[in-house]
Amino acid sequence: MARATSRSCPCGLPASYDACCGRFHAVGGAAAPTAEALMRSRYSAFVKGDTAYLLRTWHPRTRPARLDLDPGMRWTGLEILDTADGSAFHTTGTVTFRASYRGGSLHERSRFERVDGAWVYVDGEFPDQ
């Protein structure tokens, strides 16, 4: 797993944050083209504490009324383990990933759907539990 530098995107891809997930985070910015790109951008939003983006990209039927992030949480890396569907040719997709944080990791299989043409996070399950 690549170690993020101050110039690389938190999602683990080699591009800069602005050229990678930052372009999705900007209000009115680009929409993530795939379920995996949305998942990566949501991970980066957790790293950056961008609750507005997280809520904006959450499916309306499963979105919480509010989201309170732990300011002490330090995310340290993202590993994509598997993807199914979720391309421009699909209406649903899943991304299985491991997100590491100081003191542990989260293993989740996330479900995504398109709403009005844009990918949104629906929900997730935890395969290890």
Could you check if a side-chain atom of [X] sits within less than 4.5 angstrom of a side-chain atom of [Y], using non-hydrogen atoms only?
X: L54; Y: L69; answer: yes
X: F97; Y: I80; answer: yes
X: L106; Y: F126; answer: yes
X: L78; Y: R98; answer: no

Could you pull out all donor-acceptor pairs under 3.5 Å where a side-chain atom in residues 17-24 meets a protein atom, sequence neighbours excluded?
| residue | atom | partner | partner atom | Å |
| --- | --- | --- | --- | --- |
| Y17 | OH | H25 | ND1 | 2.7 |
| R23 | NE | A19 | O | 2.9 |
| R23 | NE | C20 | O | 3.2 |

Is a side-chain donor or acceptor of [X] paired with a backbone partner of [Y] at a separation under 3.5 angstrom?
X: S41; Y: L38; result: yes
X: S16; Y: S8; result: no
X: R63; Y: L55; result: yes
X: T76; Y: S100; result: yes

| said: Taking Y101 as the starting point, is it possible to reach L81 by hopping between hydrophobic residues whose side chains are less than 4.5 Å apart? | reply: no

| query | Taking the hydrophobic residues Ile, Leu, Val, Met, Phe, Trp and Tyr, and joining any pair whose side-chain heavy atoms are under 4.5 Å apart, which ones share a cluster with V115? | reply | V120

Let me confirm one number: the [atom1]-[atom2] distance from [X] to [Y], rounded to the nearest 0.5 Å.
X: E113; Y: W119; atom1: CD; atom2: CH2; answer: 8.5 Å
X: T96; Y: M39; atom1: OG1; atom2: CE; answer: 10.0 Å
X: D82; Y: T94; atom1: CG; atom2: OG1; answer: 6.5 Å

| request: For H90 and S87, test the side chains for any donor-to-acceptor distance below 3.5 angstrom and give the result as yes or no. | output: yes

| Shortest non-hydrogen contact from Y121 toward F112 | CA-CD2, 3.6 Å

| At their closest point, which heavy atom of Y43 faces which heavy atom of G77, and how far apart are they? | OH-N, 2.9 Å

| With a distance cut-off below 6.0 Å to the six-membered ring centre and an angular limit of 45° from the axis, does R42 pair with W58 as a cation-pi contact? | yes

| Under the salt bridge (Lys or Arg N to Asp or Glu O under 4.0 Å) rule, what pairs show up with a residue in residues 102-112, not counting sequence neighbours? | R109-E125, R111-D123

